[in-house]
Amino acid sequence: MTARPSTVPSLQAARAILGVAARADERELRAAYREAAKRAHPDRPGGDAALFRDVLAAYRLLQDNPVQPIHFPPAVTEPARVEQATLTLETAMAFAGGALDLMVDARKLRLTLPAGLRDGDKVRVEDVVFRVALKPDPEALVRGDDLWLTARLDSRVLAEGGRLEVATAIGPRLVWISTKAAARGLVRLPGQGLPARGPHRQGDLFLRLEPVNGGAESAARSQLKRFAAAWAA
C-alpha cells in the first residue's frame with residue numbers, strides 16, 4: 001500500500017479525481033464517488049488511504065458546489081399572421097365544391113373547396129382565412145340549406161308534364177312534373193339541395209318552373225307523332 005499526503009483539490013481537480021464531467025449531475029456524481037472510493041479504500045488490495053481521503057474530499061467539495069442548471073430563455077414564437085379575406089362564390093361552386101386559384105398579397109393560393117359551403121362558412125389556406133359569401137343570383141338562391149333554382153320550359157312541354165330532364169344552374173335534373181306542379185310552377189326534390197356539411201343538414205331543391213314559348217316538343221308528343229305517322233303509312 002502506498003501512502004501520500006492528502007490534498008484538498010480544486011473543483012477541476014475534484015472532478016478529475018472522481019472522473020466526472022463538468023456538468024455531471026448528482027446521480028452521476030454519486031455513482032462516480034462510489035466507484036472511486038471502492039478502488040481507493042485502504043482495506044482493498046492496492047488501496048491508498050491518502051487517495052481515499054482525496055476521493056472523499058473531492059466528493060464533498062463537488063457536493064458543496066453543485067452544478068447550476070442552465071436556464072435558457074423561453075423561445076419566443078410569433079403567432080402566425082392570419083389574414084381575413086372574403087371569398088365570393090357562385091351558387092354552383094358552393095353546391096359542388098372544386099378547385100380555385102386566387103392571388104392574395106402577390107401570392108398564388110390554390111383552394112380546394114368542399115361541397116356544400118354556406119354563406120358565412122370559413123375556409124383556411126396557409127395563413128389566410130376566407131369567409132364565404134354567396135353571390136346574389138335571383139335564379140339560384142340559397143335559403144338555409146335549401147336551393148331555389150329557376151328552370152324554363154316550353155309551355156307545351158310544361159303543360160303535358162311527365163318525367164323530364166330540366167337544365168338548372170347546378171346541372172341537369174330529372175324531374176317528374178305533375179299537372180298540379182305545372183299549375184303552381186314549383187317542384188320540390190327532397191335531399192337534392194346543399195349537401196350536409198358539419199352542423200348543416202342535407203337540404204332540398206326547389207325548382208321554380210317558368211313557361212316559355214318555343215318550338216320544342218315534349219318526348220311524349222314526339223313519340224305520339226311518330227306513332228301516328230307509322231300508323232298512317
Next on the checklist: Rounded to the nearest 0.5 Å, what separates atom CZ in Arg118 from atom NE2 in His200?
Outcome noted: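 The CZ atom of Arg118 sits 5.5 Å away from the NE2 atom of His200.
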Checklist entry - If we only count heavy atoms from C-beta on, is the Leu205 to Arg188 side-chain gap below 4.5 Å? => result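 Counting from C-beta outward, Leu205 and Arg188 never come under 4.5 Å.
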Checklist entry - Is the shortest heavy-atom distance from the side chain of Leu207 to the side chain of Leu189 under 4.5 Å? => result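 Sidechains of Leu189 and Leu207: in contact.
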Item to check | Leu109 vs Leu100 side-chain heavy atoms within contact, under 4.5 Å | outcome: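 Sidechains of Leu100 and Leu109: no contact.
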Checklist entry - Nearest 0.5 Å, what's the CD-CG distance between Gln202 and Asp204? => result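 It comes to 8.0 Å.
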Next on the checklist: Can you tell whether the side chains of Arg143 and Asp119 come within less than 4.0 Å, N to carboxylate O?
Outcome noted: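 Salt bridge flag = no for Asp119 with Arg143.
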Next on the checklist: To the closest 0.5 Å, what do you measure between OG1 (Thr91) and CG (Leu141)?
Outcome noted: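 Nearest 0.5 Å value for the OG1-CG distance: 7.5 Å.
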Next on the checklist: Can you give me the closest heavy-atom contact between Ala96 and Ala115, atom names plus distance?
Outcome noted: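 Looks like O-CB, 3.5 Å.
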Next on the checklist: Angle between ring planes, His41 versus Phe52, binned at 30° and 60°: parallel, tilted or perpendicular?
Outcome noted: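 It falls in the perpendicular class, over 60°.
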Checklist entry - Does the side chain to side chain donor-acceptor pair (under 3.5 Å) test come out yes or no for Thr86 and Arg131, once each step is laid out? => result CA-CA 5 Å; Thr86 299; Arg131 183 182 182 278; 5.9 Å; no
Item to check | Heavy-atom closest contact (Leu18 atom, Ala36 atom, distance) | outcome: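 Between these two residues, the closest heavy atoms are CD2-CB, 4.0 Å.
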Checklist entry - How far apart are the C-alpha atoms of Trp148 and Leu186, what are their side-chain angles, what is the distance that settles it, and do they pass the side chain to side chain contact (heavy atoms under 4.5 Å, CB included) test? => result CA-CA 10 Å; Trp148 288 71; Leu186 184 66; 3.9 Å; yes
Checklist entry - side chain to side chain contact (heavy atoms under 4.5 Å, CB included) between Arg107 and Val128: does it pass, once the steps are laid out? => result CA-CA 11 Å; Arg107 292 181 299 160; Val128 182; 3.5 Å; yes
Item to check | Verdict with supporting geometry, Val187 and Leu209, side chain to side chain contact (heavy atoms under 4.5 Å, CB included) | outcome: CA-CA 8 Å; Val187 175; Leu209 307 174; 3.5 Å; yes
Checklist entry - How long is the gap from CG on Leu102 to CG on Leu87, to the nearest 0.5 Å? => result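 Interatomic distance, Leu102 CG to Leu87 CG, rounded to 0.5 Å: 6.0 Å.
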Next on the checklist: To check you understand the geometry: which heavy-atom pair defines the closest contact between Ala40 and Val55, and what is its length?
Outcome noted: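 Looks like CB-CG2, 4.4 Å.
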Checklist entry - How many angstroms lie between CZ in Arg60 and CG in Asn65, if you round to the nearest 0.5 Å? => result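 Here the interatomic distance stands at 14.5 Å.
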Checklist entry - Between Arg124 (side chain) and Lys122 (backbone), is there a donor-acceptor pair under 3.5 Å? => result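 Checking the backbone N and O of Lys122 against the side chain of Arg124, no donor-acceptor pair under 3.5 Å is found.
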Item to check | Hydrophobic cluster identity match, Val104 and Val123, side-chain contacts under 4.5 Å | outcome: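 Result: yes, single cluster for both.
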Checklist entry - When clusters are formed by joining ILVMFWY residues with side-chain heavy atoms under 4.5 Å apart, either directly or through shared neighbours, do Leu134 and Phe206 land in the same one? => result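 No, separate clusters.
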Item to check | Under 3.5 Å donor-acceptor, Arg173 side chain and Val175 backbone | outcome: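 No.
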Checklist entry - Without hydrogens or angle criteria, can the side chains of Arg208 and Thr150 be said to hold a donor-acceptor pair below 3.5 Å? => result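 Short answer, yes.
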Item to check | Nearest heavy-atom neighbours spanning Gly116 and Pro195 | outcome: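 Answer, listing the atom of Gly116 first, then Pro195: CA-CD, 3.6 Å.
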Checklist entry - Can you find a pair of side-chain heavy atoms, one from Leu174 and one from Arg163, that are under 4.5 Å apart? => result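 In short, these two side chains touch, coming nearer than 4.5 Å.
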Item to check | Ion pair Glu160/Arg156, N-O distance below 4.0 Å | outcome: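 No, no charged N to carboxylate O under 4.0 Å.
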Next on the checklist: Does this structure show an ion pair linking Arg152 with Glu139, if we count only N-O contacts that are shorter than 4.0 Å?
Outcome noted: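 A salt bridge is present here (some side-chain N lies under 4.0 Å from a carboxylate O).
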Checklist entry - What do you reckon, is CZ of Arg34 surrounded by more than 12 foreign heavy atoms closer than 6.0 Å? => result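 No, the 6.0 Å shell around CZ holds no more than 12 heavy atoms from other groups.
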Checklist entry - Charged N to carboxylate O below 4.0 Å: is that the case for Arg197 and Asp121? => result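 Salt bridge: yes.
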Next on the checklist: Quick check: do Asp146 and Gln192 have side-chain heavy atoms less than 4.5 Å from each other?
Outcome noted: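 Not touching, per the 4.5 Å side-chain cut-off.
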Next on the checklist: side chain to side chain contact (heavy atoms under 4.5 Å, CB included), that's the test. Do Arg44 and Arg39 meet it? Break it down for me.
Outcome noted: CA-CA 7 Å; Arg44 290 175 60 90; Arg39 291 195 305 267; 5.8 Å; no
Next on the checklist: Do Val20 and Leu62 have side chains that approach each other closer than 4.5 Å (heavy atoms only, starting at C-beta)?
Outcome noted: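 Side-chain contact under 4.5 Å: yes.
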Item to check | Separation between OH of Tyr59 and CG of Leu29, rounded to the nearest 0.5 Å | outcome: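 Answer rounded to 0.5 Å: 5.5 Å.
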Item to check | Trp176 with Leu153, same ILVMFWY side-chain cluster at under 4.5 Å | outcome: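 Cluster IDs for Trp176 and Leu153 differ.
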Checklist entry - Does CZ belonging to Arg30 count more than 12 external heavy atoms closer than 6.0 Å? => result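 Yes.
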Item to check | Any donor-acceptor pair under 3.5 Å from Ser155 side chain to Pro211 backbone | outcome: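 Checking the backbone N and O of Pro211 against the side chain of Ser155, no donor-acceptor pair under 3.5 Å is found.
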